[in-house]
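In what follows, a single structure is set out as structure tokens and then discussed.
Bear in mind the structure is a predicted one, so any value in this text is a computation, not a measurement. The sequence lines fix the lettering, A, B, ..., with proteins before strands; numbering per chain opens at 1.
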Amino acid sequence: MIAITLPDGTVKDFAQPLSVAEVAAAIGPGLARAALAGIVNGQAVDLTYRLTESAQVSLITAASESGLKIIRHSTSHLLAQAVKELFPSAQVTIGPAVDNGFYYDFAFERPFTPEDLQAIEKRMQELAQQALPVRRELMDRDAAIDFFRAQGEHFKAEIISEIPAGEAISLYRQGDFIDLCRGPHVPDTGYLKAFKLLSVAGAYWRGDARNQQLQRVYGTAWPDKKALDSYLTQMEEAEKRDHRRLGKELDLFSLHEEAGGGLVFWHPMGARVRQVIENYWKKMHQEAGYEMLYTPHIANLELWRTSGHLDFYRESMFGAMLVDEQPYQLRPMNCPFHILIYNSHLHSHRDFPMRWAELGTVYRYEMSGVLHGLFRVRGFTQDDAHVFCREDQIESEILAILDLTLATLKRFGFQEFEVNLSTRPGKSVGSDAIWEKATVALRHAIMARDLKFIEDVGGGAFYGPKIDVKITDTIGRKWQCSTIQLDFNLPERFDIYYIGEDGGRKRPIMIHRALLGSLERFFGILIEHYAGYFPVWLAPVQAVVVTITDEQNDWATEVRDRLRQRGLRVEADLRSQKVGYKIREHTLKKVPWLLIVGDQEKREGTVNPRDCAGKTYGAESVEAFADRLLEEATKH
RNA sequence: GCCCAUAUAGCUCAGUCGGCAGAGCACUUCCUUGGUAAGGAAGAGGUCAACGGUUCGAAUCCGUUUAUGGGCUCCA
């Protein structure tokens with residue numbers, strides 16, 4: 001008797017051994033059709049897996065994350081099968097399921113072209129229609145190595161040779177194609193109904209740039225055509241909010257080949273948003289007890305030798321330039337400069353905490369291939385600050401920084417936070433006691449604010465522990481902007497100190513922190529978060545006064561000026577175009593409010609507001625509208 | 001940096017086999033004075049990314065450079 005326990009606790013008894021598929025059939029015909037694989041005593045297995053004794057069994061369908069993963073993984077095998085049929089000399093390597101799809105890396109003598117991808121996808125569809133059974137086979141490890149070697153599949157042979165000798169290796173066969181795989185897989189290729197190859201890219205064998213370069217074919221796969229289509233539409237939606245596209249459409253910023261990669265030019269409309277961000281940031285910092293600093297963008301290389309950047313940060317720095325025969329370095333960070341200010345006079349224990357902030361522009365050498373819009377650039381402005389304090393102030397300072405961080409991020413429309421706490425790595429500077437104290441302070445602060453956090457044990461920098469805060473945007477993507485890091489290294493290197501109560505020299509604690517990270521990158525995130533529809537307080541143009549005929553030009557100008565006097569960013573569109581034309585244009589520019597003025601409004605001294613979605617509210621006085629807009633700009 | 005792709009008017013993009021450089025939008029001027037997402041006409045606008053090569057002839061073919069895009073972590 002075999003007793004099968006199902007996830008809901010019910011037990012079914014069977015007289016003789018049976019397959020997982022038969023268990024599914026015994027539960028119901030719907031499940032039998034939907035089942036892709038099973039889980040037996042916690043182990044994922046194929047539907048053909050034979051149960052010879054009592055077990056806990058559950059079934060995997062496409063509705064679950066693991067079911068999707070199986071479909072994607074099986075589709076990657078289908079891809080490999082099609083490639084081997086069309087290009088027999090290609091060697092297969094690995095092909096896992098990834099978020100939203102799968103990839104497979106091949107070694108092939110020439111690059112795959114887009115036409116090749118089309119041909120491969122077509123062949124995949126044919127193979128899927130044939131509903132080829134996917135069968136699992138076991139082979140002895142050494143036999144498997146010989147088997148793949150004989151087929152010229154050296155990468156596979158290499159993978160297997162790392163599996164301990166004597167272990168049985170599982171292979172999956174569909175048609176003439178055999179691949180080394182742990183499984184499980186769908187029962188036959190007919191289960192693969194909705195997939196699409198997306199791109200081909202270079203990737204290194206085992207992700208190591210010193211190894212052979214392979215060709216990675218990316219694809220996406222879903223349980224049915226509907227899900228595939230909805231994914232593809234979602235991709236298009238994400239593309240519509242791409243900050244590079246919106247940056248152009250809304251005339252916010254540009255990058256120039258003439259200037260070089262990764263260098264950002266802020267246009268007037270982008271600069272307006274940046275100014276709002278900066279003004280808000282400065283106000284928040286002044287209220288939180290920070291002083292503002294301004295420091296140079298370049299300094300004698302010797303300073304970077306002292307700070308240690310020349311050793312541990314060299315590959316991210318631009319090459320030095322000669323000035324009066326002395327090497328000078330463009331700054332990749334602001335911290336050494338703040339330390340020079342610290343060291344410009346003697347400090348007492350009574351001076352602390354000292355909180356120094358700077359919107360500091362830095363330059364970092366990023367490899368040409370990683371540059372990406374505003375997200376990865378070579379010159380950017382950090383919203384940097386350094387807090388110098390005594391050991392007994394660490395905990396309260398960290399908490400204050402965390403609160404400032406959360407308040408700031410919330411103001412920009414981010415509500416969900418995830419925190420990473422990175423602790424002491426193997427190789428590090430500083431005493432055990434101070435690492436312990438700092439790490440506890442960070443942990444206490446996170447817990448005091450009741451934040452979800454993940455502890456990355458040993459993941460800290462060599463100079464101190466840190467917490468990173470991640471935000472989630474409107475479409476669910478996570479971004480890490482904020483970081484709070486203790487630094488036990490720089491104070492040592494620059495020999496910074498203060499005079500303690502006892503008259504002796506003491507080393508202060510230094511905390512680096514950035515809330516938005518880089519203004520460029522944060523701006524890019526904001527553009528995508530709001531899909532270009534900035535809330536009123538950030539919008540570069542908050543309202544446009546639109547005339548119906550040029551009879552209202554004087555009134556429109558007066559309205560604009562009165563609103564500007566209230567501190568609002570307002571333009572007047574006096575062009576002799578039809579209202580519909582002007583409305584369309586400003587709507588496409590995503591201006592939050594349009595104020596239509598015709599003869600009636602002029603006569604009555606009113607404006608007729610229309611929001612970005614096309615809703616109208618009826619005429620109201622200029623002052624009433626200004627009050628409403630100002631209120632909208634202050635709340636969030 | 002490496003692999004693949006791309007680069008044509010301000011923007012989005014056509015351009016066949018190597019044979020006179022194109023469209024729509026935007027821009028300028030004129031007409032139009034109109035009530036909530038595109039009124040009409042005319043005009044101007046180009047070193048086809050840069051440099052080199054092949055050719056009688058290159059936007060088109062080849063090479064180099066630059067920039068842009070997709071990747072280069074997700075354990076058979």
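- Taking 4.0 angstrom as the limit, A:His586 places none of its side-chain polar atoms (N or O) nearer than this to OP1 or OP2 of B:U36.
- Ring geometry for A:Phe523 versus A:Phe253: interplanar angle over 60°, hence perpendicular rather than tilted (30 to 60°).
- In this model, the phosphate group of B:G39 is approached by a side-chain N or O of A:Gln577 to a distance below 4.0 Å at OP1 or OP2.
- Aromatic ring orientation, A:His185 versus A:His77: tilted (interplanar angle from 30° to 60°).
- One P atom belongs to B:U12, the other to B:A49, and the distance between them is 15 Å to the nearest Å.
- Distances were taken from every side-chain heavy atom of A:Thr587 (C-beta onward) to each of B:A37, B:G35, B:G34; the shortest belongs to B:A37.
- Put simply, A:Tyr581 has no side-chain N or O that comes within less than 4.0 Å of OP1 or OP2 on B:C25.
- One C1' atom belongs to B:G52, the other to B:A42, and the distance between them is 43 Å to the nearest Å.
- One finds a salt bridge joining A:Lys602 and A:Asp554 here, because a Lys/Arg side-chain nitrogen approaches an Asp/Glu carboxylate oxygen to under 4.0 Å.
- Among the atoms of the strands shown, none is found under 4.0 Å from any heavy atom of A:Glu153.
- Of the candidates A:Val545, A:Val607, A:Thr606, A:Glu601 forms a side chain to side chain contact (heavy atoms under 4.5 Å, CB included) with just one, namely A:Thr606.
- No N or O donor and acceptor, one from the side chain of A:Gln552 and one from the base of B:G34, sit under 3.5 Å apart.
- A salt bridge is defined here as a Lys NZ or Arg NE, NH1 or NH2 lying under 4.0 Å from an Asp or Glu carboxylate O, and A:Lys84 with A:Asp176 fails to meet this definition.
- Using a 4.0 Å heavy-atom distance criterion, A:Val579 is classed as a sugar-phosphate-only contact.
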What pairs of nitrogen or oxygen atoms, one from the protein and one from nucleotides 10-14 of chain B, lie under 3.5 Å apart?
| residue | atom | partner | partner atom | Å |
| --- | --- | --- | --- | --- |
| B:U12 | OP1 | A:Lys248 | NZ | 3.2 |

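- Donor-acceptor pairing under 3.5 Å, judged by distance alone, is present between the side chain of A:Ser576 and the base of B:U32.
- Among the protein residues, A:Asp599 comes within range of the nucleic acid bases, having at least one heavy atom under 4.0 Å from a base atom.
- With a cut-off of 3.5 Å on both pairing distances, the Watson-Crick and G-U wobble pairs of RNA chain B assemble into stems of 3 or more at B:1-7 with B:66-72, B:10-13 with B:22-25, B:27-31 with B:39-43, B:49-53 with B:61-65.
- The separation of B:U8 from B:G71, taken at their C1' atoms, amounts to 27 Å, rounded to a whole angstrom.
- At B:G39, none of the side-chain N or O atoms of A:Arg584 fall inside 4.0 Å of OP1 or OP2 (strictly under the cut-off).
- Phosphate contact (OP1/OP2 of B:C3, side-chain N/O of A:Arg216, threshold under 4.0 Å): absent.
- Using cut-offs of 30° and 60° for the angle between ring planes, the A:Tyr313 and A:His309 rings count as perpendicular.
- Between A:Trp593 and A:Phe625, the angle of the ring planes goes over 60°, which puts this pair in the perpendicular group of the 30/60° scheme.
- Of all the heavy atoms in A:Gln542 and A:Ala539, the pair that sits closest is CG-O, 3.8 Å.
- Nucleotides B:U55 and B:A23 have their C1' atoms positioned 31 Å apart, rounded to a whole Å.
- Between A:Asp242 and A:Lys240, no side-chain nitrogen of the basic residue sits less than 4.0 Å from a carboxylate oxygen of the acidic one, so the salt-bridge criterion is not met.
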